[in-house]
Structure formats: C-alpha cells, structure tokens
Enquirer: 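Handing you a structure now.
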Amino acid sequence: MENISYLRRKSETIMKIRYYFFALMCIMVSLSACAQERKFSMYAIGFYNLENLFDTCHDAGKNDYEYLPDGRNKWSAMKYKHKLRNMAKVLAEMGTDKLPQIGCAAIGVSEVENARCLTDLCDQQPLKSRGFKFCHIEGPDHRGVDCALLYNPSLFTVRNVKLVPYVYTRQEDIDNNRATRGFLVVSGTMADEHVTIVVNHLPSRGATSFYREEGGRQLRIVKDSLIKEDPQVKLFIMGDMNDDPKDLSMSKALGARRDIDKVEKGGLFNPWWNIHASGTGTLMYNGAWNLFDQIILSYSLLNQKGKKDYSTLKYYQPQIFRRDYLFQQEGKYKGNTLRTHAGGVWLDGYSDHLPTLVYLLKEQKSEAGKSATRKSMKQ
C-alpha cells in the first residue's frame, strides 16, 4: 500500500509539473504573439548634393556663365534635360531599399540654382507621380547655388520656412561684401510630430577651416534656438559640410557626438563618424573617401543604452545610397563617382557626391488614421 501511495503522489507531482510547464509555455507563446503583432511605421529622410543643377539662362548678378550655352561647359537644353532626368532618378530611388514605391519623406539638396530648376526637377515623372514639392528661398551665393528641401506632402506637411544667413565675422570679409549659402530651416509635421530640418552647404575646401568652423558655431546657435522654442522637436541638421565628422567644424563647433550614449539632452548625434572611420564615404579625393554629406540628429530622436522605445519617432539606422550607375565602371577613375563633367568632358553622369539617408521608426498605436503610403513592420 505504501508503494502504491508513493507512486500515486509521484504521478500527481509529475502531472502538476507538466501542467505548470504547459501553462508557462502558453504564456510565453502569448507574449511572443503580442510582441510579433507590434507594428511600426518607417520613414526615410535624405540629403543629396546635386552638383551644379543649373538651367540654361543667366540669373542677374550671379556668376553662372559656365552653365550657359556659350559658356565653358556648353550647357545646352539637352544637357539640362539629361541632368534633370538623372537627378530625379536618384532622388526617387533613395529610401526604396527599405520602403519600395515610397522612398523618402523629405530630401535636402544643395547646389541648385533657383526655383525654376526645382520646379523642373519636381516635374520629372519619378517625383511627379509621388506629388513631390519643394521649399526654397533665394540666397546670396555669388555663383547662385542654393539649398532646398524636396518633400512628399503625403508624409511631410510644411509649417514654416526661413533662411538664416551665414554671417561673416572677419572684417576683411565684411568689407568685401562676401556672401554664401545660408541655413534653410523648414519646420513641419511628420508622423504626427513636430519635425524641423536644417539644410546647409558650408564653405568649400577652397576656404580655410575657420569658415567651416564658423558655420558649425552658427548652426549650433540655430539648433539651440529651435530646441528652446520646442524641447521635443525632432531636429535634423543635414548638408554638404565640406568636412568629415571628426573635423573641428562638426565635432567641436557644432558639437555632434560620435557615441550615441554620450549625447546629452539638447545635444546632437553624428551617425556618420563611425561609418567614415570604417573607410567609406560619399566622395573620393586622391583615392581616399571623405564623408562630407551628413545628417545629424537631435537628442529627441535617439534611443540610448540599448533601449528600443519607438513610442515616438526615433532614429533607426543610416545609409549611404549606392547604385552601380553612380560610379565610373572603367578607366583611370574606375570606382569613383560618375560626375556630370570631368576634365571639361560631359559624362552625362550624376554627382561627385553620393546621397545619404537615415531611417526612422514609430510604433503604430492604432489602426485609425494610418497613411496608406507608410510601411508596416513587425519586430
């Protein structure tokens, strides 16, 4: 009888263990199912230096003579048409690696001559089919090249646009009436949140580092004023910086940090620092890569210390946009970017720069109000 009682108790214990194990498995499966049902909207924000998108007409007071039909580049209507087509192809494909048929919500551009060029660009079919529009304010640059923001109005709604001038601080520059591109500041709504994009093109490498460092300091002032107005603003500072992430204009004057976990409230994160340190970039000079084309992110866009909180719009990952057609495929400069002109020869190429973009995620709270153009993701 004792053996029978023992066996019975043992059997009951085993049954209880099996029951609790089964219940635990059910809970785990349920939790897993809940986690898998979490859906996210993804967005892409980009930047591209268009390398001299000029029309064929002279703009009064601007030194655009090399891009006229009788100028050094013999810039004709046919070449302009090809340039528009090539630029639109790249802009439309940016972001489609993760967002097919959707692409970027907004793209900052530099080296565009005027609103006429931007109108013609947005009228190219790959962009026109998505309803792309642009923000632009004519700037004081002596060559006439400006910055602008292209955007998909189904994903980004513009609130306000202003051009903050680049201010020369040295007396000799003031006396000579020097002028260059300013900082285009576009505030709007994306993913139901306040987003501000600052597009700029800092002074070229033909000028000393001082002028780019001054640009970094002025960008920092713009950043601080925007965050003071709204501490929660999701801020992107993008452009052709004409410096690499580690250079003083970016690392010290602007204060963009390399390590995401070391960014303090009100600070900035530069995701391109480690990418450039790995040996790649966006334009090549003397066989080495520079990474001038950067998109820098405010603290409000960051997940730090391993967190994955996408309850608000947050940074996900960066990308240098690459396609084979953007590179020279043969000859002495094989592997370099395929430019519009090289050595006075028209190559019918694209740009001396590669585009950059960042992807962002936001968790979907409900089914109501979702845009049909957003991509749902499961994590």
Enquirer: L202 versus D243: any side-chain heavy-atom pair under 4.5 Å?
Expert: no

Enquirer: For K246, does the NZ atom have more than 12 heavy-atom neighbours from other residues, nucleotides or ligands under 6.0 Å away?
Expert: no

Enquirer: Is there a donor-acceptor contact under 3.5 Å from the side chain of T189 to the main chain of H194?
Expert: no

Enquirer: Flag yes if more than 12 heavy atoms outside D324 fall under 6.0 Å of its CG atom; otherwise flag no.
Expert: no

Enquirer: Examine K89 relative to Y325 and say whether NZ or CZ is less than 6.0 Å from the centre of the six-membered ring and inside a 45° cone about the ring axis.
Expert: yes

Enquirer: Treating Ile, Leu, Val, Met, Phe, Trp and Tyr as nodes and any side-chain heavy-atom pair under 4.5 angstrom as an edge, say whether L68 and W75 lie in one connected cluster.
Expert: no

Enquirer: Which atoms form the tightest heavy-atom contact between C57 and D64, and what is the distance?
Expert: O-OD2, 3.5 Å

Enquirer: With no hydrogens and no angle check, is any side-chain donor or acceptor of D230 less than 3.5 Å from a backbone partner on I227?
Expert: no

Enquirer: Rounded to the nearest 0.5 Å, what separates atom CZ in F183 from atom SG in C147?
Expert: 9.5 Å

Enquirer: N52 and Y67: side-chain donor and acceptor closer than 3.5 Å?
Expert: yes

Enquirer: Between Y299 and L297, is there a shared hydrophobic cluster once you connect ILVMFWY residues whose side-chain heavy atoms come closer than 4.5 Å?
Expert: yes

Enquirer: Would you call C135 and V158 a side-chain contact if the rule is heavy atoms closer than 4.5 Å?
Expert: yes

Enquirer: Can you confirm if the NZ or CZ of K98 lies within 45° of the ring axis of Y359 and under 6.0 Å from the centre of its six-membered ring?
Expert: yes

Enquirer: Ignoring hydrogens and geometry, is there a side-chain-to-backbone donor-acceptor pair from K62 to E113 under 3.5 Å?
Expert: no

Enquirer: Going from CG on L291 to CE on M250, what distance comes out if it is rounded to the nearest 0.5 angstrom?
Expert: 12.0 Å

Enquirer: Would you say R72 has more than 12 foreign heavy atoms packed within less than 6.0 Å of its CZ?
Expert: no

Enquirer: Using a 6.0 Å cut-off, check whether atom CD of Q171 has over 12 heavy atoms from anything other than its own residue.
Expert: yes

Enquirer: Between V195 and M42, is there a shared hydrophobic cluster once you connect ILVMFWY residues whose side-chain heavy atoms come closer than 4.5 Å?
Expert: yes

Enquirer: Hey, would you say the Y168 and Y166 ring centroids sit under 6.0 Å apart?
Expert: yes

Enquirer: Indicate whether any N or O donor in one side chain lies under 3.5 Å from an N or O acceptor in the other, for N86 and D348.
Expert: yes

Enquirer: Can a donor-acceptor pair be found between the side chains of R217 and T169 at a distance below 3.5 Å?
Expert: no

Enquirer: Which atom pairs, donor and acceptor, lie under 3.5 Å between side-chain atoms of residues 340-347 and protein residues at least two apart or in another chain?
Expert:
unit_1	atom_1	unit_2	atom_2	d
T340	OG1	K83	NZ	2.8
T340	OG1	Y350	O	3.4

Enquirer: Considering all heavy atoms of both residues, which atom of N270 and which atom of Q294 are nearest to each other, and what is their separation?
Expert: ND2-OE1, 2.9 Å

Enquirer: Kindly give the heavy-atom pair with the smallest separation between L254 and L268, and that separation in Å.
Expert: CD1-CD1, 3.6 Å

Enquirer: Salt bridge (Lys or Arg N to Asp or Glu O under 4.0 Å) for K79 and D55? Distances and angles first, verdict last.
Expert: CA-CA 9 Å; K79 290 181 179 180; D55 61 24; over 6 Å; no

Enquirer: What do the steps show when you test R85 against K81 for side chain to side chain contact (heavy atoms under 4.5 Å, CB included), and what is the final call?
Expert: CA-CA 6 Å; R85 179 201 64 192; K81 182 178 179 180; 5.8 Å; no

Enquirer: Should we say atom CD of Q329 is surrounded by more than 12 heavy atoms from elsewhere, each under 6.0 Å from it?
Expert: yes

Enquirer: Does any N or O in the side chain of N152 come within less than 3.5 Å of the main-chain N or O of S154, such that one atom is a donor and the other an acceptor?
Expert: yes

Enquirer: If Ile, Leu, Val, Met, Phe, Trp and Tyr residues are connected whenever their side-chain heavy atoms lie under 4.5 Å apart, and connections chain through other members, are L354 and I107 in the same group?
Expert: yes

Enquirer: At their closest point, which heavy atom of G182 faces which heavy atom of L163, and how far apart are they?
Expert: C-CD1, 3.9 Å

Enquirer: Please tell me if the side chains of L326 and T337 come closer than 4.5 Å, counting only heavy atoms from C-beta onward.
Expert: no

Enquirer: Within the distance-only criterion (no hydrogens, no angle test), does the side chain of D261 pair as donor or acceptor with the backbone N or O of K305 below 3.5 angstrom?
Expert: yes

Enquirer: For residues I275 and M241: do they belong to one hydrophobic cluster (side chain heavy atoms under 4.5 Å, members Ile, Leu, Val, Met, Phe, Trp, Tyr)?
Expert: no

Enquirer: Near Y333 OH, under 6.0 Å, is it more than 12 heavy atoms from other residues, nucleotides or ligands?
Expert: no

Enquirer: Are side-chain heavy atoms of T96 and Q101 found at a separation under 4.5 Å?
Expert: no

Enquirer: Would you check if there is a donor-acceptor pair between the side chains of N200 and R181 at a distance under 3.5 Å?
Expert: no

Enquirer: With rounding to the nearest 0.5 angstrom, report the CD to CD1 distance, Q319 to I295.
Expert: 10.5 Å

Enquirer: Under a 4.5 Å cut-off applied to non-hydrogen side-chain atoms, are M238 and V198 in contact?
Expert: no

Enquirer: Should V358 and F236 be marked as a side chain to side chain contact (heavy atoms under 4.5 Å, CB included) after you check the CA-CA gap, both sets of side-chain angles, and the distance that decides it?
Expert: CA-CA 10 Å; V358 293; F236 302 85; 4.1 Å; yes

Enquirer: What's the spacing between E363 CD and F40 CZ if we round to 0.5 Å?
Expert: 4.5 Å

Enquirer: Under 3.5 Å, is there a donor-acceptor pair between the S298 and S300 side chains?
Expert: yes

Enquirer: Is there a donor-acceptor pair closer than 3.5 Å between any side-chain N or O of T119 and the backbone N or O of A115?
Expert: yes

Enquirer: Checking side-chain polar atoms at under 3.5 Å, does N114 have a donor or acceptor matched by the opposite partner on E138?
Expert: no

Enquirer: Less than 4.5 Å apart, any side-chain heavy atom of D240 and any of F47?
Expert: yes

Enquirer: Could you check whether atom CD of E172 has more than 12 heavy atoms from other residues, nucleotides or ligands sitting under 6.0 Å from it?
Expert: yes

Enquirer: Strictly distance-based, threshold 3.5 Å: is any side-chain N or O of D146 a donor or acceptor partner for the main-chain N or O of G139?
Expert: yes

Enquirer: Are the side chain of Q304 and the backbone N or O of L302 linked by a donor-acceptor pair below 3.5 Å?
Expert: no

Enquirer: Between D120 and Y80, does any side-chain donor sit less than 3.5 Å from a side-chain acceptor?
Expert: yes

Enquirer: Could you go through T280 and R322, starting from their C-alpha distance and side-chain angles, then the distance that decides it, and tell me whether this counts as side chain to side chain contact (heavy atoms under 4.5 Å, CB included)?
Expert: CA-CA 12 Å; T280 190; R322 296 175 180 270; 2.4 Å; yes

Enquirer: Quick check: closest heavy atoms across S351 and E51, and the distance to 0.1 Å?
Expert: CA-OE1, 3.2 Å

Enquirer: Do L149 and V109 make a side-chain contact, defined as non-hydrogen atoms from C-beta onward lying under 4.5 Å apart?
Expert: no

Enquirer: Counting distance only, does the side-chain N/O of R143 pair as donor-acceptor with the main-chain N or O of T180 below 3.5 Å?
Expert: no

Enquirer: What closest approach, in Å, do S249 and R212 show between heavy atoms, and which atom pair accounts for it?
Expert: CB-O, 3.3 Å

Enquirer: Supply the atom-to-atom distance I320 CD1 to L357 CG, rounded to the nearest 0.5 angstrom.
Expert: 10.0 Å

Enquirer: I need the T356 OG1 to M94 CE distance, nearest 0.5 Å.
Expert: 6.5 Å

Enquirer: Assess the pair H58 and Y65: is the distance between their ring centroids shorter than 6.0 Å?
Expert: yes

Enquirer: Does C122 reach the side chain of L150, with side-chain heavy atoms less than 4.5 Å apart?
Expert: yes

Enquirer: Identify all side-chain donor-acceptor contacts of residues 281-289 below 3.5 Å with residues at least two apart in sequence or on another chain.
Expert:
unit_1	atom_1	unit_2	atom_2	d
T282	OG1	F292	N	3.4
T282	OG1	D293	OD1	2.6

Enquirer: Step by step, would you call K362 with E193 a salt bridge (Lys or Arg N to Asp or Glu O under 4.0 Å)?
Expert: CA-CA 10 Å; K362 182 177 181 178; E193 298 187 35; 3.1 Å; yes

